[in-house]
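Worksheet for the structure shown next.
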Amino acid sequence: MVEWVEGVLVSGYLAEPSADARWCHLWFEHTVAVARLHALWLAWQELTDPATCGYTGPSVWHRDHLDPCLRELRGSSGPFAGRCRRRRR
């Protein structure tokens with residue numbers, strides 16, 4: 001999932017964060033973000049395979065999964081709304 005988030009999601013959809021579209025490069029330290037991104041990744045795996053969902057799956061994934069997930073993650077009350085700091089290990 002980490003490779004997918006970094007390689008597909010961040011590079012393709014989140015390249016330019018702004019005040020209205022927050023993203024934290026330490027997303028994996030946000031429990032809520034990990035849970036939502038895991039669900040998004042699972043849906044992507046299913047809906048991008050024409051054998052399981054036909055050729056409209058990617059459109060369904062964008063509409064029903066990606067867009068709502070990004071609104072929740074990047075919104076003003078989402079997990080990245082506050083300061084994102086590296087946690088000490």
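These numbers come from a predicted model, not from an experiment.
Interatomic distance, C24 SG to R74 CZ, rounded to the nearest 0.5 Å: 12.0 Å.
Following chains of ILVMFWY side-chain contacts shorter than 4.5 Å, one can reach L42 starting from V10, so the two form part of one hydrophobic cluster. Both V2 and V8 belong to a single network of hydrophobic side chains, linked directly or stepwise wherever heavy atoms of I, L, V, M, F, W or Y lie under 4.5 Å apart.
Residues P58 and L47 fail the side-chain proximity criterion, which asks for heavy atoms closer than 4.5 Å. Contact annotation: the side chain of L40 never approaches that of V5 to less than 4.5 Å [non-hydrogen atoms, C-beta and beyond]. Between R22 and L73 there is no side-chain heavy-atom pair separated by less than 4.5 Å. The shortest side-chain heavy-atom distance between F28 and L37 does not fall under the 4.5 Å cut-off.
Annotation: side chain to side chain donor-acceptor pair (under 3.5 Å) contacts involving residues 52-67, sequence neighbours excluded, comprise Y13-H62. Legend: side chain to side chain donor-acceptor pair (under 3.5 Å) pairs involving residues 41-51, not counting sequence neighbours: none detected. Among residue pairs with one or both ends in residues 2-11, those qualifying as side chain to side chain donor-acceptor pair (under 3.5 Å) are E6-W27; sequence neighbours excluded.
Here the shortest heavy-atom pairing between A81 and G75 reads CB-O, 4.0 Å.
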